[in-house]
Amino acid sequence: MNFIDELRWRGMLHNSTPGVEELLENEKPVAAYLGCDPTAPSLTIGNLASLMMLIHFQKAGHKPIALVGGATGMIGDPSGKSAERELKSVEVLHYNVAQQKKILQKLLDFDHPVNGAELVNNHDWFKDMPVLDFLRDIGKNLTVNYMMAKDSVKNRLETGLSFTEFSYQLIQGYDFVHLNKHKNCKIQFGGSDQWGNMTAGTELIRKMSAEGEETEAHAVTCPLITKADGTKFGKTESGAVWLSPELTSPYKFYQFWVNSSDEDVKRYIRIFTLLDKETIEALEVEHNEAPHRRVLQKQLAQEITTMLHGEEAYDIAIQASQILFGKGTKQTLRNLSEDDFLDIFRGVPQIEVSHTAVEEGINVVDLLAEATQLFSSKGEIRRGIKGNGISINKEKVSDSDMTITSDDLIANKYILLQKGKKSYGLAVVS
RNA sequence: GGGGAGAUACCGAAGCGGUCAAACGGGGCAGACUGUAAAUCUGUUGGCUACGCCUACGUAGGUUCGAAUCCUGCUCUCCCCA
């Protein structure tokens, strides 16, 4: 199956310029690139959808190039934005670029002898470009009329758009020109919202090629990932789902996917895993027979967690899930080794309690009030206790006068705090 | 420039001198049910050293024993006419 067909059955193809399929059939490997803007110190699962295109591309025997937007990040992409963006400082951008590189390195194979992935930063070719060169060599090739017709610009004419953001498409467009010339890169990938910027690139390549020179440049986009209930994909109550383990723990990451709805999971497993068609269809049959077992969700979560965070992290996520949602009791908690315990609750908000306080006994409400990320007031804690919604070490607290003593410590050091079913906190005795 | 209406908690919206920490709906949180889902049902939704106290009905003053409620100035929003 060729690459484009692969994208098609997975529901990952939104739009493509004519002739891509022929190109990929006649040539191998072909180089393609995908750009990410360093607006945050990590990438989110929103970026992951287009990243998956790059992964499939490499799997199909082609050469993926990941571009981090050290330069474009300094400008700000107006696509999909209703207002002018705050500019990030250069230091922040550098940091973000470095963090994003780490993730890209996990997902792509950089060592393959034939089609190893490559990582580039557009800051490298923009940092020394004189403004006059930019205006004469690049800007001359596109008309303002053409640029204004892009949705990203049109939508902002009412509210205002700075020249800086207006010129974004030229910057991104030139990236493609540069990669086309120096890396023989012929395709650009992106989300459907990037279509305008990407075609600006193919347009520039055509205009900037020398007379008689053969150039080929294509754009391929994937659809925006949606959720069946209409809410925004990739967001949880606690914010975006990040790809780096420091920002979203592997456990939370795993949980995010396990919690996909039945309707969504069939689309997600096609997009976010490398499983082939037969395997997925077989899983679907199984899922439809016993939807409560959620084989699809579990498989999806396993594949994607392993791919990003590795086997080990996945195992811990599984263990954590069993303890937190299965029949975890005080006893199972006590049976855990300290290392496992810590691993499972890594990323959970922690509070410190003094050793003497625990020795003398501390009131539950006072203890929980320290966990400000879990509870906003003592009143909330008292209400929670009354409503049977608060547990310590997996045991319900029924009385707000209860006292916590050193008998309640796990591994002599920890107390597990819990609000409802899903919110945890950890008190550490120091 | 002239005239009118309004500003209440996370949002929408009642209240129009004491019984108002403020009806009702949405949202949030929790409980039951369940599949760690959806739907449904129930409770809860300012803070605290808690039968009491403090802070809150745009903002600053005033009237009153007592103000979200009455009066005045200010700020902002909306509507109508020029």
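Just so it is clear, the structure is predicted and the values come from calculations on it, not from any experiment. What's counted below: heavy atoms across the whole structure, side chains too, no hydrogens, waters or symmetry copies.
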Find which nucleotide of RNA chain B each of A:Y254 and A:R382 is nearest to by heavy atoms, and output the residue with the more 5' nucleotide.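 Going by which nucleotide is closer to the 5' end, it is A:Y254.
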Comparing A:K419 and A:Q255 on RNA chain B - which has the more 5′ nearest nucleotide: A:K419
Establish, with yes or no, whether the OP1 or OP2 oxygen of [N] is under 4.0 angstrom from a side-chain nitrogen or oxygen of [X].
X      : N     : result
A:K378 : B:A50 : no
A:K386 : B:G31 : no
A:S261 : B:A37 : no

With rounding to the closest Å, how many angstrom separate the [atom1] atoms on [N] and [M]?
N     : M     : atom1 : value
B:C10 : B:A22 : C1'   : 16 Å
B:A13 : B:G27 : C1'   : 14 Å
B:A82 : B:G6  : P     : 24 Å
B:G2  : B:C71 : C1'   : 25 Å
B:C33 : B:G18 : P     : 45 Å
B:C51 : B:A7  : C1'   : 36 Å
B:A56 : B:A67 : C1'   : 14 Å
B:G25 : B:U40 : P     : 15 Å

Salt bridge check: are A:E27 and A:K186 linked by an N-O gap of less than 4.0 Å? yes
Do A:K378 and A:D366 meet the salt-bridge criterion of a basic N to acidic O distance under 4.0 Å? yes
Taking only the side-chain heavy atoms of A:S321 (C-beta and beyond), determine which of B:G47, B:G31, B:U36 contains the nearest atom. B:U36
Please report, rounded to the nearest Å, how far the [atom2] atom of [N] is from the [atom1] atom of [X].
X      : N     : atom1 : atom2 : value
A:I385 : B:G31 : CD1   : P     : 13 Å
A:I323 : B:U36 : CD1   : C1'   : 15 Å
A:D366 : B:A50 : CG    : C1'   : 13 Å
A:D401 : B:A50 : CG    : P     : 11 Å
A:I381 : B:C29 : CD1   : P     : 17 Å
A:R293 : B:A37 : CZ    : P     : 18 Å
A:Q418 : B:U36 : CD    : P     : 14 Å
A:D262 : B:U36 : CG    : P     : 12 Å

Considering only distance and modelled atom types, tabulate donor-acceptor pairs under 3.5 Å from the side chains of residues 270-280 of chain A, sequence neighbours left out.
unit_1 : atom_1 : unit_2 : atom_2 : d
A:R270 : NH1    : A:K266 : O      : 3.0
A:R270 : NH1    : A:E284 : OE2    : 2.6
A:T273 : OG1    : A:I269 : O      : 2.6
A:T273 : OG1    : A:L275 : N      : 3.4
A:D276 : OD1    : A:E278 : N      : 3.3
A:D276 : OD1    : A:T279 : N      : 2.9
A:D276 : OD1    : A:T279 : OG1    : 2.6

Please walk me through it: do A:E286 and A:R294 pass salt bridge (Lys or Arg N to Asp or Glu O under 4.0 Å)? CA-CA 9 Å; A:E286 205 184 322; A:R294 290 180 301 145; over 6 Å; no
Measuring centre to centre across the rings, with the benzene-like ring taken for any Trp, is [X] within less than 6.0 Å of [Y]?
X      : Y      : answer
A:F345 : A:Y414 : no
A:F189 : A:Y33  : no
A:H309 : A:F253 : yes

Using a 4.0 Å heavy-atom cut-off, does [X] contact any base of the nucleic acid, only the sugar-phosphate backbone, or nothing at all?
X      : value
A:K396 : sugar-phosphate
A:G420 : sugar-phosphate
A:N259 : base
A:R294 : base

If anything within 90° of 0 is syn and all else is anti, what is B:C24? anti
Just wondering, do A:L24 and A:I4 contact through their side chains at under 4.5 Å, heavy atoms? yes
Side-chain-base donor-acceptor pair under 3.5 Å for A:K421 and B:U34: yes
Strand RNA chain B in bracket notation, Watson-Crick/G-U under 3.5 Å with | for pairs to another chain: ((((((((.[[[..)..(.....]]]((((((.......))))))(((...)))...[[[[[..)....]]]]]))))))).
Quick check against the 3.5 Å criterion: does A:K386 have a side-chain atom that pairs as donor or acceptor with the backbone of A:I381? no
